[in-house]
Amino acid sequence: MMQYMGVALLSLAGVGEGLDNGLARTPPMGWLAWERFRCNTDCENDPHNCISERLFMQMADLLISDGYYDAGYRYINIDDCWLAHERDRRGNLQPDGTRFPSGIKALGEYVHSKGLKFGIYEDYGNYTCAGYPGILGHLKEDAETFESWGVDYVKLDGCYSHPNDMDKGYPEFGYWLNQTGRPMIYACSWPVYQTYSGMTPNYTSIINTCNLWRNFDDIQDSWNSVERTIDYYGDNQDIIIANAGPGHWNDPDMLIIGNFGLSYEQCKTQMAMWAVFAAPLLMSVDLRTLKPDYKAILKNKPIIAVNQDPLGIQGRRIYKQKGIEIWARPIMPVYRAKYSYAIVFLNRRTDGTPSEVSVTLKELGLDNPAGYHIEDLYDEHVYGIVTPDRRFKVDVNPSGSVVMIRCDIVKGKTSQNLVQNGWDAQPRNADGFVLDLGNIGYRGNVDGSAGQYPEIRGGGYVEPDPISVGGGPPQTRTFRNTQQLPQNQYVPPSYPNNQYQNQDLGYSFQNINGQYINTGKK
């Protein structure tokens with residue numbers, strides 16, 4: 001008992017200082033296995049796609065040879081299902097010996113030999129979500145194990161744990177990571193499990209503990225999943241935006257660009273929106289088979305520059321009406337307390353034709369007298385210097401497409417407007433917004449009434465959901481196909497019911513090769 005109390009006091013002393021590791025000053029970029037490769041452990045019948053050292057070594061090679069490193073991607077991250085089902089005889093974590101015969105330390109060394117960084121997965125619970133050993137009861141030992149393996153990034157999930165224990169447990173594990181002396185990004189799932197169990201996350205503690213954190217559903221390979229994430233980040237922006245900044249980021253989950261569920265235009269949309277969200281850019285795709293068009297999206301350096309902007313201010317939704325949304329993110333350079341901006345026009349209509357949006361910079365709040373230098377970040381069209389009164393007509397394709405522009409503030413006075421007559425009707429261009437000093441919002445049509453701007457071509461569009469501008473009340477959502485539980489119950493594994501089934505909240509059953517296998521009690 002005295003020994004336990006000593007550990008508790010030591011951990012609390014560290015919690016007050018927070019996870020001051022100096023990492024993730026911009027959102028991390030890399031590759032993460034989960035969404036694309038899941039928990040495929042069948043290396044006998046599917047050796048090319050199973051979770052194994054071979055897969056991660058191949059992805060590390062491609063990050064270098066295909067130019068992702070040059071675009072800013074640095075991390076190769078393992079997710080669930082790398083572990084053996086039991087700890088070793090000394091109580092330490094160990095990988096599956098068949099799929100990782102060289103060991104995790106050797107895999108980390110291989111990743112490091114490429115100039116990359118190495119990430120790993122664990123769970124603050126008795127078990128991981130897929131039923132492998134969790135860290136409960138082994139926080140100090142597991143942190144030291146990760147340090148000995150040369151780990152640079154730790155993702156800590158929250159299956160099989162009490163959400164009300166996380167306020168102590170996540171900071172305690174962060175303390176032990178810090179105590180190793182090795183810099184390791186700490187990615188938490190703490191707030192999402194508490195939110196969906198009815199608790200209110202303590203973001204003051206979270207941002208002082210974690211470098212990034214999940215606060216919404218696991219992303220799935222579908223446009224619906226991306227849309228729901230976009231809605232969550234818009235509807236809850238007044239709560240979550242203030243928590244983001246250098247060293248601590250909201251994490252809307254992986255990039256699914258180039259997989260099976262998104263169209264080409266929707267892939268461009270996810271990249272643009274994650275840049276506005278100041279989100280980690282963690283690709284989860286088979287880089288071995290990725291087509292050039294999708295590679296170009298993932299390696300779009302102007303959009304990555306927005307994502308990596310050193311101000312670290314998360315963007316927000318400033319307009320939502322008639323199926324059209326406008327999102328804006330303050331970025332560098334700043335001049336006389338006025339920001340530059342990245343602007344995204346998002347068209348969620350399904351009426352089959354591009355929508356024309358007509359607006360001036362001034363109506364959106366970009367009121368710098370000398371204007372803004374505007375460039376389309378996908379079409380690479382440079383519009384030049386545009387003054388606040390100049391009208392833009394933006395054509396945005398339907399079904400989840402975007403126009404994304406960068407508006408760099410112009411210093412000093414200018415008498416020359418480089419936007420020529422006729423250009424303002426050409427796609428693809430969008431316009432910005434800007435109320436400086438943190439007061440970001442749209443200055444025009446906030447209720448959709450006629451005669452105000454932006455004007456949106458096409459009457460008769462029926463918005464299926466209630467319209468809101470600049471956010472709205474949080475919506476009731478279901479997290480990872482689980483039911484909301486009282487605070488004193490366990491949160492079951494966060495995977496689709498057709499993949500993992502749970503009985504009586506006492507066992508975890510994993511679907512392996514069509515058979516449900518009991519992976520043990522909690």
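- Using bins of under 30°, 30° to 60° and over 60° for the plane-to-plane angle, the ring pair His248/Trp213 lands in the parallel bin.
- Checked by atom type, the side-chain pair Arg288/Gln58 shows a donor-acceptor distance below 3.5 Å.
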CA sep, side-chain torsions, deciding dist, call: Ser358, Arg391, side chain to side chain contact (heavy atoms under 4.5 Å, CB included): CA-CA 7 Å; Ser358 176; Arg391 179 159 301 283; 3.0 Å; yes
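- For the 3.5 Å distance criterion, the side chains of Asn215 and Asn250 qualify, holding a donor opposite an acceptor.
- Contacts of Asp152 classified as side chain to side chain donor-acceptor pair (under 3.5 Å), with partners at least two apart in sequence or in another chain: His112, Arg182.
- Between Asp293 and Lys291, no side-chain nitrogen of the basic residue sits less than 4.0 Å from a carboxylate oxygen of the acidic one, so the salt-bridge criterion is not met.
- If you take SG on Cys39 and CG on Asp42, they are separated by 11.0 Å, rounding to the nearest 0.5 Å.
- With no hydrogens or angles considered, a side-chain donor-acceptor pair links Tyr121 and Asp157 at under 3.5 Å.
- Under the 4.0 Å criterion applied to side-chain N and carboxylate O atoms, Lys299 and Asp70 are not assigned as salt-bridge partners.
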Test side chain to side chain contact (heavy atoms under 4.5 Å, CB included) applied to Leu63 and Leu116, step by step: CA-CA 9 Å; Leu63 222 60; Leu116 300 169; 3.8 Å; yes
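- A distance below 6.0 Å separates the ring centres of Tyr124 and Tyr170.
- The aromatic rings of Tyr232 and Phe216 lie parallel to each other, with less than 30° between the two planes, well short of the 60° mark.
- The closest side-chain donor-acceptor pair between Arg25 and Asn211, if any, does not fall under 3.5 angstrom.
- Side chain to side chain, Ser225 and Gln220 fail the donor-acceptor criterion of an N or O pair below 3.5 Å.
- Using a 4.0 Å cut-off between a side-chain N of Lys or Arg and a carboxylate O of Asp or Glu, Glu325 and Arg348 qualify as a salt bridge.
- Between Trp274 and Phe277, the ring-plane angle classifies as tilted under the 30° and 60° cut-offs.
- Side chains of Thr128 and Asp80: a donor-acceptor N/O pair is present below 3.5 angstrom, by distance only.
- Remark: the Asp167 side chain and the Gln194 side chain contain an N/O donor-acceptor pair separated by less than 3.5 Å.
- Atoms CE and CE, on Met273 and Met404 in that order, are 9.0 Å from each other to the nearest 0.5 Å.
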Trace of the ring pair (Phe, Tyr, Trp, His ring centres under 6.0 Å) decision for Tyr75 with Phe118: CA-CA 6 Å; Tyr75 288 88; Phe118 178 58; over 10 Å; no
